Amino acid sequence: MPELPEIVSRAREMDRALRGKTIIEVKILQPKCLNVPARRFRTVLAGAGVREVRSRGKWIFVDTTQGWVLLNMGMGGEILLVQREAMPEKWRVSFAFDDGTALALNFWWFGYVHYAGAGKLGKHAMTSQLGPDATEFTRDRLQQMVTGKRGAVKALLLDQSRMAGIGNAYVHDILFMARLHPLRRLETLRQEEVDALAHAIQAGLLPSIERGGAFYEVDLHGKRGGFTREDMLIGYREGEACPSCGTVIEKIKTSSTSSFICPMCQPA
DNA sequence: TATCTTGTTAATCG
DNA sequence: ACGATTAACAAGAT
């Protein structure tokens, strides 16, 4: 499940590895992940030079001389840089470059490989609606975002149009560190709690970015991220002891997603 | 086999 | 307009 730390890491790796290369051929095994006809996608990008790769939220933006390639890895997958004749077993879209390498994209549920013309990035609805990266929020900015809003704090964190990059993996530890229950209403948050949340967002994401993302995703060469299961405080630790107070960690349903909480540290 | 799951949009209701 | 909920969609693991 690629979230901001994994996507930031992949985009950095891609920027370093792909910048200056030219796409010579695009292959598409799964046209449904595209937003334009496969033929158009292939032809418009053939011959395109990679200028830069960057990210916002869970999206990777590849800036080429012939427009933008916009990637969303959905619930998980791999972006592998391989020799063209050594493709991995599973891939859905591939880009072959002029130096004999290829980028093989795979995802197993709901990935997107979109195209936006040069200068037309603003017309791509899914990415133009993204809020600022979660890592960009200062305490003041978060307070502004919370003021006048209603609803559950978890819903705010997961709402990509308000704050981009957090998904249902990192959110557990973020809320735990802020000592907030996922369903706590925004309108009841005191300023100290908003401050704690702002700090928790940074504390929940930055260590993983520094280590190249979480262990359950891999880098361009197939190497797992350095943020391990042991680095998680309560996420996916149902039945284990809370690292702060020892209470048994619970897995609860919060609207449509699951949440892991310490019922003592994060009272409803 | 049945159930679960990390994302995102669209539709709907209050 | 906003918030809450649900369904749907292209798999894979257990």
Side-chain angles (χ1 to χ4, degrees), chain A residues 1-10 27-38 41 55-60 70-79 88-94 104-114 116 123-131 133-134 145-175 182-189 204-205 208 213-218 224-225 227-229 231-232 234-239 251-260:
Chain A
M1 51 214 109
E3 300 175 26
L4 187 138
E6 291 75 45
I7 294 303
V8 166
S9 300
R10 288 305 86 73
K27 291 185 181 174
I28 298 153
L29 292 186
Q30 188 179 53
K32 286 193 176 182
C33 69
L34 306 177
N35 63 333
V36 296
F41 189 85
S55 70
R56 175 94 160 272
K58 300 170 189 175
W59 287 82
I60 295 175
L70 308 169
L71 303 177
N72 183 296
M73 298 304 290
M75 294 195 185
E78 308 88 46
I79 302 172
E89 311 83 76
K90 293 186 180 176
W91 57 274
R92 297 168 193 275
V93 175
S94 77
L105 308 181
N106 184 46
F107 34 79
W108 61 269
W109 199 236
F110 316 138
Y112 301 122
V113 182
H114 282 188
K123 294 180 66 177
H124 184 256
M126 288 195 194
T127 54
S128 59
Q129 288 173 16
L130 291 173
D133 273 345
M145 175 72 62
V146 168
T147 303
K149 295 291 184 180
R150 327 176 133 265
V153 62
K154 182 175 178 180
L156 167 68
L157 296 178
L158 295 182
D159 183 345
Q160 303 299 300
S161 70
R162 293 183 182 159
M163 177 185 300
I166 298 174
N168 202 42
Y170 287 94
V171 72
H172 308 301
D173 280 4
I174 289 172
L175 288 169
L183 297 182
R184 186 64 190 284
R185 315 290 301 186
L186 294 174
E187 56 270 34
T188 69
L189 291 184
L205 298 176
S208 184
F215 68 93
Y216 47 72
E217 296 291 336
V218 300
R224 291 185 173 282
F227 191 79
T228 67
R229 177 170 244 294
D231 293 314
M232 292 192 190
I234 64 164
Y236 307 99
R237 288 182 176 276
E238 181 183 15
K251 179 181 182 180
I252 62 172
K253 270 289 177 192
T254 44
S255 67
S256 64
T257 62
S258 296
S259 294
F260 295 87

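All values derive from a computational prediction rather than experimental measurement.
Interface limits on DNA chain C: the 5'-most and 3'-most nucleotides within less than 4.0 Å of chain A heavy atoms are C:dG3 to C:dG12.
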* Protein proximity profile, nucleotides 9-14 of chain B - base contact B, sugar-phosphate-only contact S, no contact -, cut-off 4.0 Å on heavy atoms -> S-----

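Take A:F107 and apply the ring pair (Phe, Tyr, Trp, His ring centres under 6.0 Å) test, not counting sequence neighbours, and it matches no residue. Contacts of A:R56 classified as salt bridge (charged side-chain N to carboxylate O under 4.0 Å, His left out), with partners at least two apart in sequence or in another chain: none. Considering only residues two or more places apart in sequence or on other chains, A:T228 meets the side chain to side chain contact (heavy atoms under 4.5 Å, CB included) condition with A:E230, A:D231. Applying the side chain to side chain contact (heavy atoms under 4.5 Å, CB included) test to A:T257 and every residue at least two apart in sequence or in another chain returns A:K154, A:N168, A:T254. Every residue two or more places apart in sequence or in another chain that forms a side chain to side chain donor-acceptor pair (under 3.5 Å) with A:E78 is listed here: A:N106. Applying the salt bridge (charged side-chain N to carboxylate O under 4.0 Å, His left out) criterion to A:R92, with sequence neighbours excluded, gives no partner residue. With sequence neighbours excluded, the residues satisfying side chain to side chain contact (heavy atoms under 4.5 Å, CB included) with A:A134 are A:M163, A:I166, A:I201, A:L205. With sequence neighbours excluded, the residues forming a side chain to side chain contact (heavy atoms under 4.5 Å, CB included) with A:F215 are A:R229, A:M232, listed by chain and number. Annotation: salt bridge (charged side-chain N to carboxylate O under 4.0 Å, His left out) contacts of A:E187 (sequence neighbours excluded): A:R150, A:R185.
One finds a side-chain N or O of A:N72 lying less than 4.0 angstrom from the OP1 or OP2 phosphate oxygen of B:dT8.
Atom CD1 of A:I252 is separated from atom P of B:dC4 by 17 Å (rounded to the nearest Å). For A:N168 and B:dG7, the CG to P distance is 6 Å, given to the nearest whole Å. Across the protein-nucleic acid pair, A:Y236 atom OH and B:dC4 atom C1' stand 12 Å apart, rounded to whole Å. Note: CG (A:L130) to C1' (B:dT8) measures 11 Å, nearest angstrom. Taking atom OH on A:Y216 and atom C1' on B:dG7, their separation rounds to 13 Å, with Å as the unit. B:dG7 atom P lies 11 Å from atom CD1 of A:I7, rounded to whole Å. With rounding to whole Å, A:L4 atom CG is found 17 Å from B:dT8 atom C1'. When rounded to the nearest whole Å, the span between NE2 of A:H124 and C1' of B:dT8 equals 11 Å.
Look at the C1' atom in both B:dT1 and C:dA10: the space between them is 22 Å, to the nearest Å.
No engagement by A:K154 is indicated, since no non-hydrogen atom pair under 4.0 Å with the nucleic acid exists. Note on A:S258: only backbone sugar-phosphate atoms sit closer than 4.0 angstrom, heavy atoms only; bases stay farther off.
Between atom OH of residue A:Y112 and atom CE of residue A:M73 there is a gap of 13.0 Å, rounded to the nearest 0.5 Å. For the atom pair NZ of A:K149 and CG of A:D159, the computed distance is 8.5 Å after rounding to the nearest 0.5 Å.
Within the 3.5 Å criterion, the main-chain N or O of A:L158 finds a donor-acceptor partner in the side chain of A:Q160.
Stem analysis of DNA chain C (Watson-Crick or G-U pairs, both distances under 3.5 Å, runs of at least three) returns B:2-5 with C:11-14, B:7-14 with C:2-9.
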